[in-house]
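Computed from heavy atoms alone, side chains included, the values below leave out hydrogens, waters and symmetry copies.
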Amino acid sequence: MNKIFAFLVAFCLSLTYSAAKGKLQDERVVVAYVTSWSQVMPDPFCMTHITYAFGGVNKTFNGVDISNPDRLRAIVRLKAQNPSLRVMLSIGGWGSGRFSEMVTDPHLRQLFCEDCRRIVDDYGLDGIDIDWEYPGNPGGGISYAPTDKDNFSLLMRDLRQALGTDRLLTLATAATGGFYDFPAFVEYVDFVNMMTYDMGSAPRHHAPLFNSGRFEGTCCQKALQAHLDQGVPARKLTLGMPFYGRGTNEVGNFCDYSRIIELTQFHKQWDKEARVPYLTDDEGRVVMGFDDARSLKIKCRYARKQGLKGVMYWDYNGDDSQGTLRKCVWKAMR
């Protein structure tokens with residue numbers, strides 16, 4: 001009798017979890033990356049997820065180091081204001097290495113995953129985001145190996161096992177969709193954040209929605225298709241959007257939106273094909289490609305039309321003091 005009762009309880013719990021998970025998967029997300037080195041505290045009511053950047057693989061390859069842990073704890077406390085807010089730790093970032101050594105050794109990989117679970121529990125987090133840039137690639141001066149691609153899949157499998165089904169597991173991917181064997185691990189992740197920015201430099205735009213005569217090359221549309229072609233369902237993809245621009249030496253290679261709007265000596269233009277703005281000098285030369293509220297609203301509409309999980313932006317601190325971009329994104333995705 002006790003066995004039958006236990007089975008019925010377990011069965012009911014399973015149905016409850018499946019329903020809850022289905023609701024979670026159907027939820028449209030707005031993911032805001034918040035950095036450890038910035039000081040502004042995010043408004044907890046203008047996103048569904050905060051992803052804290054960054055943690056890194058530790059020096060012994062068996063755990064996680066967290067940048068500015070006090071700030072992470074302060075951000076987690078925002079959940080008291082908005083209980084539906086989810087806060088995650090992103091591990092990696094450009095130039096963050098030691099992934100290759102860790103994933104190669106099954107024992108080290110297991111210890112790393114266990115430490116991720118410990119951190120989630122200790123900090124009251126909702127999950128882990130992996131931002132390895134990029135498996136099998138020496139970019140950023142990090143270590144790499146030909147086996148990274150396969151071992152990355154094993155890492156995601158082992159992380160899912162360590163985190164359980166009650167915590168989120170996400171990753172940030174290159175716009176090209178390269179470096180990953182998606183079919184081998186996509187079932188383990190809740191969603192995939194496409195880094196659909198930094199796809200070019202001035203005079204090209206770095207995050208055009210579509211190609212145009214002025215800004216030829218890759219674009220958000222092509223990045224989405226690349227991920228779909230490699231087996232990631234649209235319902236598990238978020239479209240990455242920049243709160244910054246990429247410019248010439250004249251204005252700086254990287255420029256937050258809050259500073260771009262102060263560059264009044266230049267002329268704001270609109271590319272109707274790429275659906276993005278840019279700045280030109282008095283001679284008509286492009287000095288900056290960026291996104292504004294108009295282009296972000298169009299991208300949000302595109303994400304909804306394509307049936308994506310939602311949108312993601314890097315990073316919260318790049319917005320102006322009025323919150324023009326974050327408020328626009330939030331409104332467009334509701």
Determine whether more than 12 heavy atoms belonging to other residues, nucleotides or ligands lie under 6.0 Å from atom [atom1] of [X].
{"X": "Gln269", "atom1": "CD", "result": "yes"}
{"X": "Lys297", "atom1": "NZ", "result": "no"}
{"X": "Phe179", "atom1": "CZ", "result": "yes"}
{"X": "Gln265", "atom1": "CD", "result": "yes"}
{"X": "Asp122", "atom1": "CG", "result": "yes"}

Is the side chain of [X] donor-acceptor paired with the backbone N or O of [Y] at a distance under 3.5 Å, no angle test?
{"X": "Tyr257", "Y": "Pro242", "value": "no"}
{"X": "Asp148", "Y": "Ala145", "value": "yes"}
{"X": "Arg167", "Y": "Gly127", "value": "no"}
{"X": "Lys299", "Y": "Asp291", "value": "no"}
{"X": "Asp271", "Y": "Arg275", "value": "no"}
{"X": "Asp65", "Y": "Gly56", "value": "no"}

Please find the pair of heavy atoms, one from [X] and one from [Y], that lie closest to each other, and give the distance.
{"X": "Ala332", "Y": "Cys300", "result": "CB-CB, 3.6 Å"}
{"X": "Leu308", "Y": "Leu237", "result": "CB-O, 3.4 Å"}
{"X": "Trp94", "Y": "Glu133", "result": "CE3-OE1, 3.4 Å"}

Indicate whether the side chain of [X] and that of [Y] have a donor and an acceptor atom separated by less than 3.5 Å.
{"X": "Asp190", "Y": "Thr170", "result": "no"}
{"X": "Ser258", "Y": "Asp256", "result": "no"}
{"X": "Ser38", "Y": "Arg71", "result": "yes"}
{"X": "Asn253", "Y": "Arg246", "result": "yes"}

Report task. Using the test ring-ring contact (aromatic ring centres under 6.0 Å, His included), find all partners of Phe112 that sit at least two apart in sequence or belong to another chain. Result ->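 ring-ring contact (aromatic ring centres under 6.0 Å, His included) list for Phe112, sorted by chain: empty.
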Can you confirm whether or not the ring centre of [X] sits under 6.0 Å from the ring centre of [Y]?
{"X": "Tyr244", "Y": "His206", "value": "yes"}
{"X": "Trp314", "Y": "Phe54", "value": "yes"}
{"X": "Phe210", "Y": "Tyr302", "value": "yes"}

Query raised in the report: Thinking salt bridges, do Arg86 and Glu27 make one under a 4.0 Å N-O criterion?
Result: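 Looking at Glu27 together with Arg86, the answer is yes, because their closest N to O distance falls below 4.0 Å.
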Report task. Let me know which of Asp129, Val120, Val64 forms a side-chain contact (heavy atoms from CB on, under 4.5 Å) with Leu89. Result ->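 Result: among Asp129, Val120, Val64, Val64 is the only option passing the side-chain contact (heavy atoms from CB on, under 4.5 Å) with Leu89.
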Requested in this report: Please test Tyr33 against Tyr316 for ring pair (Phe, Tyr, Trp, His ring centres under 6.0 Å), starting from the C-alpha separation and ending with a verdict.
Outcome: CA-CA 6 Å; Tyr33 275 86; Tyr316 185 93; over 10 Å; no
